[in-house]
Amino acid sequence: MGGSTRSPGVLQRDDASSQSRYQRLSQRMLDLSGDRGVLKDVIREGSGELVTPDASVLDITLWGMELGLLSMRRGEVARFLFKPTYAYGMLGCPPLIPPNATVLFEIELLDFLDSAESDKFCVLSAEQQDQFPLQKVLKVAATEREFGNYLFRQNRFYDAKVRYKRALLLLHRRSAPAEEQLLVETAKLLVLLNLSFTYLKLERPTMALRYGEQALVIDQKNTKALFRCGQACLLMTEYQKARDFLVRAQKEQPFNHDINNELKKLASYYSDYLGKEKEMCHRMFAPGAHGSTVGEN
């Protein structure tokens, strides 16, 4: 997972009239591609390791941008010049980018995750995984959860669910001694809360309730778990259960606007439900509701 903010600008087309401007900009820039097709100028230095080829970084859309990002570190801000073959080519990207344009991007690399380590670990058997220290398992599970968070923010809820379940499976597999079990349970709680929320987004409240209740086994006063369970029950029209969960959540955080608004929604839904029940009963037992019960001889 990663993030980058960038500001594209069209500098020129490949014609003689604009060569001087391109040359002035490119003179002090580093050649990344070997043919001066991708040039770089660091505005703010980053820290840590370079982006790895297997890392996932938000918004890699151009070949030149991929080369550029592989030269960056976390927190770095850099300016890049991409010649047409490394950018939008002969077609451009109308209406903003004309054909054969050299483009300027300014990129800030917020973060990235190395998926290779996680992917390799996840395909190991439970016995092989047990050979690694607990911290390795927790690190891989955290990576999977962060990938899920990235996908969730992209509204890719099904893909996010897959990543969260991978993380949960790793943590369920791991048997830890008593003194380390708290670390495992803490990691599980975060994943269970994410799964409950994701299933709400997928409009599958039964599963959302299941994972929310599993989270409450770990932390019976967890406000997020109580709130998610209440939301799930409300969607399932189990109004009494919804009220029980939401009241417990409100007890933990009395001034939480989301919880209080959900309780107001519940009251409105329940009032409508009672009104419909009353109307249905009235129709069922009103005089003549079932027609004449006397048959002809």
Side-chain angles (χ1 to χ4, degrees), residues 1-9 25-26 28-82 86-87 103-124 128-129 131-154 156 159-160 162-164 166-168 170-171 174 180 182-184 186-191 193-194:
M1 176 195 71
S4 60
T5 56
R6 62 189 198 274
S7 302
L25 285 168
S26 65
R28 62 189 180 91
M29 301 180 81
L30 176 67
D31 180 10
L32 296 181
S33 59
D35 58 1
R36 301 198 62 78
V38 179
L39 302 176
K40 176 183 179 182
D41 180 32
V42 176
I43 300 172
R44 184 183 72 203
E45 295 286 348
S47 60
E49 299 178 353
L50 294 173
V51 175
T52 60
D54 293 313
S56 293
V57 185
L58 180 63
D59 290 339
I60 299 182
T61 57
L62 304 175
W63 168 230
M65 190 177 295
E66 182 173 344
L67 291 178
L69 287 169
L70 289 173
S71 74
M72 299 183 73
R73 307 175 192 275
R74 287 183 178 88
E76 181 178 328
V77 179
R79 186 178 291 123
F80 295 92
L81 272 178
F82 302 140
Y86 290 90
V103 295
L104 174 70
F105 278 86
E106 187 172 299
I107 300 175
E108 178 182 11
L109 181 64
L110 303 177
D111 198 8
F112 67 90
L113 289 176
D114 184 357
S115 60
E117 179 184 18
S118 175
D119 291 340
K120 290 176 182 177
F121 188 84
C122 287
V123 298
L124 298 176
Q128 291 171 318
Q129 291 175 2
Q131 302 303 313
F132 290 87
L134 177 62
Q135 290 302 322
K136 172 73 171 182
V137 178
L138 294 174
K139 179 183 177 183
V140 173
T143 299
E144 289 297 311
R145 182 173 61 83
E146 289 172 17
F147 265 116
N149 293 345
Y150 160 69
L151 294 166
F152 186 96
R153 288 193 293 271
Q154 302 299 307
R156 295 168 56 186
D159 294 329
V162 171
R163 288 290 183 172
Y164 293 144
R166 282 177 65 173
L168 190 61
L170 290 174
L171 296 169
R174 186 65 181 213
E180 293 183 331
L182 179 60
L183 295 173
V184 177
T186 301
K188 280 183 185 178
L189 178 60
L190 294 174
V191 179
L193 290 172
N194 288 348

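Residue indices begin at 1 and follow the sequence shown. Predicted model, so just to flag it, every value in this text is computed and none were measured. Just so you know, these numbers use all the heavy atoms, side chains as well, and skip hydrogens, waters and symmetry mates.
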query = Among Leu32, Leu30, Leu81, which one satisfies side chain to side chain contact (heavy atoms under 4.5 Å, CB included) with Leu39?
reply = Leu81
task = Kindly give the heavy-atom pair with the smallest separation between Leu50 and Leu70, and that separation in Å.
result = CB-O, 4.0 Å
ask   = Is any side-chain heavy atom of Glu106 closer than 4.5 Å to a side-chain heavy atom of Ile43?
value = yes
ask   = Going by heavy atoms in the side chains, are Leu62 and Glu66 under 4.5 Å from each other?
value = no
inquiry  = Aromatic contact between Tyr164 and Phe152, with the criterion being ring centroids under 6.0 Å apart: yes or no?
reply    = no
ask   = Would a 4.5 Å heavy-atom cut-off, applied to side chains only, mark Glu108 and Arg44 as touching?
value = yes
query = Is it the case that Tyr86 and Asp35 place a side-chain donor and acceptor less than 3.5 Å from each other?
reply = yes
ask   = Is there a side-chain contact between Ser33 and Asp31 (heavy atoms, below 4.5 Å)?
value = yes
request  = Heavy atoms only: give me the nearest Met29-Asp41 pair and the separation to one decimal.
outcome  = CE-N, 3.7 Å
query = Should the pair Glu76-Lys40 be classified as a salt bridge under the 4.0 Å nitrogen-to-oxygen rule?
reply = yes
message = Could you work out, with side chain to side chain contact (heavy atoms under 4.5 Å, CB included) as the rule, every residue matching Gln135, not counting sequence neighbours?
response = Leu138, Leu183
ask   = If every non-hydrogen atom of Leu171 is compared with every non-hydrogen atom of Val184, which pair is closest and at what distance?
value = O-CG1, 3.8 Å
task = For residues Ile107 and Met65, determine if any side-chain heavy atom of one lies less than 4.5 Å from a side-chain heavy atom of the other.
result = yes
task = Answer yes or no: is there a side-chain heavy-atom contact under 4.5 Å between Cys122 and Arg166?
result = yes
remark   = Tightest non-hydrogen contact, residues Ala167 and Val191, listed as CB-CG2, 4.0 Å
Validation row: Phe121, Val137 side chains within 4.5 angstrom (heavy atoms) = yes
Pair Glu146 + Arg163: basic N to acidic O under 4.0 Å = no
task = Please name the pair of heavy atoms, one in Gly64 and one in Phe82, separated by the smallest distance, quoted to 0.1 Å.
result = O-CE2, 3.3 Å
